[in-house]
Enquirer: 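Below you'll find the structure I mean.
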Amino acid sequence: MPDLATPLIAWYRGAARDLPWRRPVFGAWGILVSEFMLQQTPVARVIPLLEAWLDRWPTPAALAADPPAEAVRQWANLGYPRRALWLHRAAAEIRDRHDGVVPRDVEALLALTGIGDYTARAVAVFAYGDRHPVVDTNTRRVLARALEGRSQPAPPSKRDLAAMAGLLPADDVDAAIVNAAAMELGALVCTARTPRCDACPIAHICAWRAAGYPDTGDARRKQARYEGSDRQARGAILRALRESAAHELRQDAVASDWPDAAQRDRALFTLIADGLVEASDGFLRLPRGASA
DNA sequence: CAGTCGTGGTG
DNA sequence: TCACCAAGACT
C-alpha cells in the first residue's frame with residue numbers, strides 16, 4: 001500500500017480553501033449544520049445560507065424551540081428540503097438526549113435523524129478531532145483512481161470505510177487532515193469531469209495514471225430527469241408555501257398552473273406524508289410541529 | 001439493494 | 001443546448 005498520507009498532508013497545508021467551517025472556533029453545532037447543508041449541495045451555495053442559519057439559531061436548542069416550518073422556510077432553495085426537517089428533528093433530539101450538546105460519539109451521532117455514515121464521522125473528526133475514516137463522494141473517487149485504477153468509483157459501500165481507515169496515520173490530528181485532504185483533493189484536483197492530474201500531489205502513485213487513464217465505465221446510479229418530474233412538482237408546491245407571506249395557501253390555489261393535475265396531487269400527497277406540508281380545512285401550511 | 005428526493009451552475 | 005454533477009440519507 002503506497003503512502004498517501006504524507007503527500008496529502010503536505011499538499012493540504014498549501015492548497016486547502018479557507019472555508020467557514022474550517023475556522024478553529026466554528027463549533028460542533030456549526031459543523032453539524034454545515035454537513036447537513038453540504039449533503040448533495042455545492043459549497044458555494046451553502047456558505048451564505050449557513051451563516052444566516054447560525055445567526056438565527058446559534059444552538060440546537062434555539063432551532064428546536066421554533067416550529068419546523070421556520071426551518072423549512074430558512075432552508076430556502078438549498079434543495080432536498082427534507083434535510084431541513086431532519087436537521088430540526090436532530091436539534092430536538094440533541095436537546096432532549098444530550099443536554100443540548102452535539103454528541104461526540106459516532107454511535108450517538110448515527111442515532112440522530114438525518115445523520116448517516118458520512119455526517120456522523122465528519123462531525124466526530126472535524127468538530128471533535130477524533131480518529132475515524134470520513135468517506136464522501138470525493139474521497140471515493142480519489143481512492144478509486146489512486147488505488148484501483150478506475151475512472152469512477154463503485155457505488156458507496158461499507159468497504160469504503162475500511163479502505164479509508166487503512167490509510168489514516170496513527171496520530172489523531174494527522175488523521176483528520178488526511179480525511180479532509182482526500183475530500184479536498186477530490187473537490188479541487190481529482191474532479192469527476194476534468195481532473196487536473198498535472199497538479200496532483202499523488203500522481204506518482206496513482207494506479208489510474210499508471211494505467212493510462214482508462215475509461216473503466218461508471219457504475220454510479222444515473223440521476224433521473226428533473227424536468228417534468230414529481231420532484232419538480234414538489235419543489236413548485238413547497239416554493240409557493242415558503243414564499244407565502246400569510247404562511248398558508250388555499251389547497252386549490254397551490255401550483256394551480258401545474259400542467260399535470262394528477263402529478264401535482266401526487267406530489268402534494270408525498271409532501272404531506274414526508275411531514276413537509278400540513279393540510280387542514282382546505283388550506284396548506286408548512287409544518288407547525290406537535291407542541292403549541 | 002435500488003429508488004427517491006431539489007436546485008442551480010457548468011463543460 | 002442539455003446531460004452531468006454536487007461534503008448523502010432514508011425506505
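First the proteins, then the strands, lettered A, B, ... as listed; each starts at 1. Just so we're clear, the structure is a prediction, and the values are computed from it rather than from any experiment. Scope of the values below: all heavy atoms of this structure, side chains included, with no hydrogens, waters or symmetry mates.
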Enquirer: Identify which nucleotide among C/dA7, C/dA9, B/dG8 has an atom closest to any side-chain atom of A/N138, counting heavy atoms from C-beta outward.
Expert: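 When the side chain of A/N138 is considered, C/dA7 is the closest of C/dA7, C/dA9, B/dG8.
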
Enquirer: Please report the distance, rounded to the nearest Å, between CG in A/L78 and P in C/dA7.
Expert: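 So the CG-P distance, A/L78 to C/dA7, works out to 14 Å.
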
Enquirer: Looking only at side-chain N and O atoms, does A/R225 come under 4.0 Å of OP1 or OP2 in C/dA3?
Expert: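 Yes, because at least one side-chain N or O of A/R225 sits under 4.0 Å from OP1 or OP2 of C/dA3.
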
Enquirer: Would you mind telling me which of A/W53, A/W86, A/F36 makes a ring-ring contact (aromatic ring centres under 6.0 Å, His included) with A/W75?
Expert: A/W53

Enquirer: Could you measure between the two P atoms, the one in C/dA9 and the one in B/dG8, and give it in whole Å?
Expert: 23 Å

Enquirer: By the 4.0 Å heavy-atom rule, please label A/R242 as base, sugar-phosphate, or nothing.
Expert: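 Answer is sugar-phosphate: A/R242 comes under 4.0 Å of backbone atoms only.
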
Enquirer: What's the closest nucleotide to the A/W86 side chain, out of B/dC5, C/dA6, C/dC10?
Expert: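 In terms of side-chain proximity for A/W86, the closest of B/dC5, C/dA6, C/dC10 is C/dC10.
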
Enquirer: Of all the heavy-atom pairs spanning A/G149 and A/A207, show the shortest one and how long it is.
Expert: N-CB, 3.6 Å

Enquirer: For A/G79, which contact category applies under a 4.0 Å heavy-atom criterion: base, sugar-phosphate, or nothing?
Expert: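 The residue A/G79 makes base contact.
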
Enquirer: For a quick check of understanding: with a heavy-atom distance under 4.0 Å over all strands, which category does A/L110 fall into, base, sugar-phosphate or nothing?
Expert: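 Answer is nothing: A/L110 stays at 4.0 Å or more from every strand.
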
Enquirer: Checking all strands, does A/T139 fall into the base, sugar-phosphate, or nothing category for heavy-atom contacts under 4.0 angstrom?
Expert: nothing

Enquirer: Using heavy atoms to find the nearest nucleotide of DNA chain B for A/R239 and A/K222 separately, return the residue whose nucleotide is more 5′.
Expert: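 Result: A/K222.
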
Enquirer: Rounded to the nearest 0.5 Å, how far apart are CD1 of A/I202 and CH2 of A/W11?
Expert: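 Output value for this atom pair is 9.5 Å.
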
Enquirer: Say you pick atom C1' in B/dG6 and the same atom in C/dC4; how far apart are they, in whole Å?
Expert: 15 Å

Enquirer: A/D136 has an atom CG; how far is it from atom P of C/dA6, in whole Å?
Expert: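 Value for this atom pair: 10 Å.
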
Enquirer: Between P on B/dG3 and CZ on A/R231, what's the gap in Å once rounded to a whole number?
Expert: 13 Å

Enquirer: Choosing from C/dG8, B/dT7, C/dA7, which nucleotide comes nearest the side chain of A/Y80?
Expert: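 So the side chain of A/Y80 is nearest to C/dG8.
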
Enquirer: Start at the 5' end of DNA chain B and walk down; is the nucleotide closest to A/D274 or to A/T194 reached first?
Expert: A/D274

Enquirer: Suppose you measure atom C1' in B/dG11 against the same atom in C/dA7; what distance do you get, rounded to whole Å?
Expert: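 About 22 Å, rounded to a whole number of Å.
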
Enquirer: With heavy atoms under 4.0 Å as the rule, sort A/R22 into base, sugar-phosphate or nothing.
Expert: base

Enquirer: Quickly, which of A/E148, A/R150, A/M164 forms a side-chain contact (heavy atoms from CB on, under 4.5 Å) with A/L143? Name it, please.
Expert: A/M164

Enquirer: Any side-chain N or O of A/R234 less than 4.0 Å from the OP1 or OP2 oxygen of B/dG6?
Expert: yes

Enquirer: Categorize A/Y226 for me: base, sugar-phosphate, or nothing, with a 4.0 angstrom heavy-atom threshold over every strand shown.
Expert: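 Since a base atom lies under 4.0 Å of A/Y226, the category is base.
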
Enquirer: Answer with base, sugar-phosphate or nothing: what part of the nucleic acid does A/A192 contact at a heavy-atom distance below 4.0 Å?
Expert: sugar-phosphate

Enquirer: For the pair A/R285 and A/E278, evaluate salt bridge (Lys or Arg N to Asp or Glu O under 4.0 Å) and give the outcome as yes or no after the intermediate values.
Expert: CA-CA 5 Å; A/R285 300 176 190 84; A/E278 292 174 355; over 6 Å; no

Enquirer: NA contact type, A/Q223, heavy-atom cut-off 4.0 Å: base, sugar-phosphate, or nothing?
Expert: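 Counting heavy atoms under 4.0 Å across all strands, the contact made by A/Q223 includes a base.
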
Enquirer: Could you tell me whether A/P81 contacts a base, only the sugar-phosphate backbone, or nothing, with contacts defined as non-hydrogen atoms closer than 4.0 Å?
Expert: sugar-phosphate

Enquirer: Have a look at A/W21 and say if it touches a base, only the backbone sugar-phosphate, or nothing, with a 4.0 Å heavy-atom cut-off.
Expert: base

Enquirer: On a whole-Å scale, what distance lies between the C1' atoms belonging to C/dT11 and B/dC1?
Expert: 11 Å

Enquirer: Rounded to the nearest angstrom, tell me the gap between atom CD in A/Q39 and atom P in C/dA9.
Expert: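 The distance from CD of A/Q39 to P of C/dA9 comes to 5 Å, rounded to the nearest Å.
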
Enquirer: What does A/R220 touch in the nucleic acid at a heavy-atom separation under 4.0 angstrom: a base, only the sugar-phosphate, or nothing?
Expert: sugar-phosphate

Enquirer: Just call it for A/T137: base, sugar-phosphate, or nothing, with non-hydrogen atoms closer than 4.0 Å on any strand.
Expert: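 Sugar-phosphate only.
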
Enquirer: For the side chain of A/R221, counting heavy atoms from C-beta on, which of B/dG3, C/dA6, B/dG11 is nearest?
Expert: B/dG3

